[in-house]
Amino acid sequence: MAANKGAGPQVIDISKLNLEQLTTLKNQLDQELQFFSESLQQLKIAQLKFNESGECVEKLTPETKGKEILVPLTSCMYVPGTVANSEKLLIEVGTGYYIERDVPGAKDYFSRKIKFVTEQMEKIQKIASEKSKLREGGCDLVCFESQSF
Amino acid sequence: MGPGALQKKLEEEVEAYKKIQKDISKTSGLRTQLDVQLNENKVVKEELDLINEENVVYKLIGPALIRQDLEEARQNVSKRVDYIQQEIKRHGNTIEKLEKEAEAKRENIAKHQQQLQQMMMKQAANT
């Protein structure tokens, strides 16, 4: 079996590795796959949040100005209020900075963020599936070698 | 050097090696954290570059949102990005240095182990 560990500066023929090294390799790949799956989950959550925010912004149209809303003061107390300004929105961009933008600007921000997160997810997905294939190959080799004992 | 003293020296070397390994993983962790901060600050910088003077910028200082001047905010974030990049480079250098030390220790340990083994075999042959 001439499956390679990976293209790059270090190409190791995994059929040359003994059982112990194969198991170590398989464990390492398992850990990496675990990390990737956790990252993917977090990215999915981020994507959902940005989606939600984007949808909220869609609801804020010029007609909503002056409409009655319930404003949360604490996690279990709301007070009635009216929408004073449906033009300007404060967006948290990170490291404690908040930027005031108008509705189209805010929509643009969220769609850019969603695009960014989706791209990262696709990148991770690709790498994760390559690692998964390697792990499968390693697994097969381990079974093969342990059968021949 | 008798086998007892050599054994002791070997143990000391292994302890030192373990400490270097711990330092390496600690510095690596710090470096990963800095990477995360760098990315976050880069994102903020991009956003600040996209807006113009009519968009107001606020900074969260404690529990209060304080209005910031756009130019000032841009400069602050730029400076932070540069600082973090410098720190990352510094940590990278530290890690490189520690890894070279670890490599040297590894070779030392292997050498001592070999010496010890030879001494044990000679002792066994003499008895």
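All chains are named by letter (A, B, ...) in the order of the sequence lines, taking the proteins before the strands, and each is independently numbered beginning at 1. Values below: all heavy atoms of this structure, side chains included; hydrogens, waters and symmetry mates excluded.
More than 12 heavy atoms of other residues, nucleotides or ligands sit less than 6.0 Å from atom CD of A/Glu38. Annotation for A/Phe116: atom CZ does not count as buried by contact number, only 12 or fewer foreign heavy atoms lying within 6.0 Å. Atom NZ of B/Lys45 has 12 or fewer heavy atoms from other residues, nucleotides or ligands within 6.0 Å. With a 6.0 Å radius and a threshold of 12 heavy atoms from other residues, nucleotides or ligands, B/Lys97 has its NZ atom at or below the threshold. Residue A/Glu52 qualifies as open at atom CD: its count of foreign heavy atoms under 6.0 Å is 12 or below. Enclosure of atom CD in B/Gln117 is not indicated, since only 12 or fewer non-hydrogen atoms of other residues, nucleotides or ligands lie within 6.0 angstrom.
Counting all heavy atoms, side chain and backbone alike, A/Thr95 lies closest to B/Val44 at OG1-CG2, 3.5 Å.
Contact annotation: the side chain of B/Ile51 approaches that of A/Ile99 to within less than 4.5 Å [non-hydrogen atoms, C-beta and beyond]. Counting only heavy atoms from C-beta outward, the side chains of B/Leu65 and A/Leu90 approach each other to under 4.5 Å. Residues A/Tyr97 and B/Val77 are in side-chain contact: their nearest non-hydrogen atoms beyond the backbone lie under 4.5 Å apart.
With salt bridges taken as basic N to acidic carboxylate O contacts below 4.0 Å, one links A/Arg112 and B/Glu47.
Residue contact with chain A, scored on non-hydrogen atoms closer than 4.5 Å, involves the side chain of B/Gln68 exclusively. Using a 4.5 Å cut-off between heavy atoms, A/Tyr109 touches chain B through its side chain atoms alone.
Between the side chain of A/Glu100 and the backbone N or O of B/Val57 there is no donor-acceptor pair closer than 3.5 Å.
Note on A/Val103: it clusters hydrophobically with A/Ile91, by side-chain heavy-atom contacts below 4.5 Å among ILVMFWY residues.
Heavy-atom pairs under 4.5 Å with chain A peak, among B/Asn55, B/Val56, B/Leu48, at B/Val56.
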